[in-house]
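Okay, structure first, notes after.
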Amino acid sequence: MRALMMDVPLLVSRILLHAAEYHGDTAIVSRSVEGPVHRTDYATLHERARRLARALLRLGLEAGDRVGTLAWNSHRHLELYYAAGGAGLVCHTINPRLFPEQIAGIIGHAEDGVLCADLTFLPLLEGLAGRLGAVRAVIVLTDEAHMPPQPAGLPPLLCYEDLLAAEAPDYDWPELDERSACGLCYTSGTTGAPKGVLYSHRSSVLHAMACCQPDVFDLGAASVAMPVVPMFHVNAWGLPFAAPMVGAKLVMPGPRLDGASLHELMAAEGVTFSAGVPTVWMGFLDWMRETDATPGALRRVAIGGSACPRVMIERLEAMGVSVLHAWGMTETSPLGLANAPKAKHAGLDPAARLDLAARQGRPLFGASFRILDDAGRDVPRDGRSFGRLMTRGPWVASAYHGLEESAAHAEAGWFETGDVATMDADGYVSIVDRTKDVIKSGGEWISSIALENIAVSHPAVQEAAVVARPDARWGERPLLVVVLRPGASLDAEAVRAHFEGRVARWWIPETIRIVEELPHTATGKLLKARIRELYAREADNPSP
Ligand code: ADP
């Protein structure tokens, strides 16, 4: 029997319409590239997004055309998300921290029709002159007073604020197919050439609804949310859609992501929730420690993108800030797992609670998970047996843009994440490693994540990376590379001693390097391939 309910499509424009109608005066505060803090609200954002939609269409863009963005988190970037998606175009967020060749490759592959760039990124675009594919105009996200002169070799520069001012705000969002694309994001390319993931209206709305739940970001109209994770890193983990959906106040940090700037904005705006990768929180925590600052209204932070060290959870919780460890990928919109305790965990002692919180979390409704062994059988859910983590759901990619014939899933209907994981009987997943980062020593596996976690729990260690080094006897052995806190001194022997009693003896790295800094990817993760190149050569690491 066919049901008799309305078939109203799930469209991102409806999110903004809802925010404008019922949370019209709720603030959106952005630290601008030009300097000052800018304030607007959802009603104004909606009006400006409608003007912008008209302006984009006037440039000749048609349904499905891509609008590239090179921009920090700001109200203008938010307007672009909604104007492009809402008008039936596709908002293609580009990670400006990628290598210039990768950026040119992505712009060409996506066939971006126009690019919208913050002033910060004009030098980057000038370096790509002549390599911008089908780009017919560059919209500079600023006002007339800050417009730069037209550089040679670039498509015409247009002033964002002038374009908006020239349009009427009476645009009606079209009734689109909810399965049409509204966003495009390329993977950061740590495991090969970047590949494009095309989000639909439907996937974006469903994912945002999941984000708001209490066991995920716990967002509502009383929340003040600050996405520190950039809007070019998997749609800032869904926050640009989730916050307006529930009428949360949004605070956009712009280009300044250091501890002092983040704290200043958080304190001034009463931020209650924030989200970002561990590297950002490390800077924030160090700054808090140096200045004895307090976290103010901040009560919850989501940490993911790479494993959140247990000690980071401990330090934040000691300040009264609860940590939501979460796992995701570009291909999963990104959220798939989030770690909130169950009622039965209320009585856990602090150490057991931290052990639980350091896991990557439980599946959200909407993202199913399986863990398969090499023979394709499900491994037992005992928290110990590990295998390949697979996922499926309405916000998981089924193929990559331009590679539609090669479905993104390996097994029928399931996407292979490339991660090795365990799951316990309660559904909590622990990521052991990325498949290519796990260390195979004497036929057994060693988790680089587990060793890094122990290294950074030493008070003198700022950051740690563990990679495999070739070893004649064992096949591979772990090599630990650490960066010390400013002013700290520690030798390799003392670092090794810190592992005694915390992990099986054969896991303890015998080769430990203390270095000035470690290389990171465009999204702030440790660049393990480069670390292997730099430090793990066999000749430099003879078997002890
Ligand atoms: P890329 O794959 O290009 O690095 P993504 O941002 O999509 O870009 O990275 C997804 C990967 O990041 C996951 O497959 C996983 O290896 C890692 N990751 C994400 N969140 C976590 C987490 N909480 N703990 C451990 N690893 C994580």
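Just follow the structure's listing: the first ligand is 1, and inside any ligand the first atom is 1.
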Among Lys342, Gln360, Arg362, exactly one meets side chain to side chain donor-acceptor pair (under 3.5 Å) together with Tyr428. Which residue is that? Arg362

Looking at side-chain heavy atoms only, is the closest gap between Ile94 and Phe121 below 4.5 Å? no

Is there any N or O on Thr187 that sits under 3.5 Å from an N or O of ligand 1? no

Assess the pair Trp287 and Phe284: is the distance between their ring centroids shorter than 6.0 Å? no

Going by the closest heavy atom to atom 23 (N) of ligand 1, which one wins out of Ala307, Ala326, Cys308? Ala326

Is Met288 close to Pro295 at the side-chain level, that is, under 4.5 Å between some pair of heavy atoms? yes

Phe241 versus Tyr81: any side-chain heavy-atom pair under 4.5 Å? yes

Is it true that Asp419 lies under 4.0 Å from ligand 1, counting heavy atoms only? yes

Heavy-atom proximity to atom 12 (O) of ligand 1 ranks first, among His325, Met329, Lys525, Glu331, for Lys525

Would you mind listing which atoms of ligand 1 come within a distance below 4.0 Å of any non-hydrogen atom of His233? 6 (O)

At under 4.0 Å between heavy atoms, is it the side chain or the backbone of Gln360 that contacts ligand 1, or both, or neither? side chain

Any nitrogen or oxygen of Thr330, main chain or side chain, under 3.5 Å from a nitrogen or oxygen of ligand 1? yes

With the threshold set at under 4.0 angstrom, would you say Gly305 reaches ligand 1 through any of its heavy atoms? yes

Side chains of His109 and His401: does their closest heavy-atom pair fall under 4.5 Å? yes

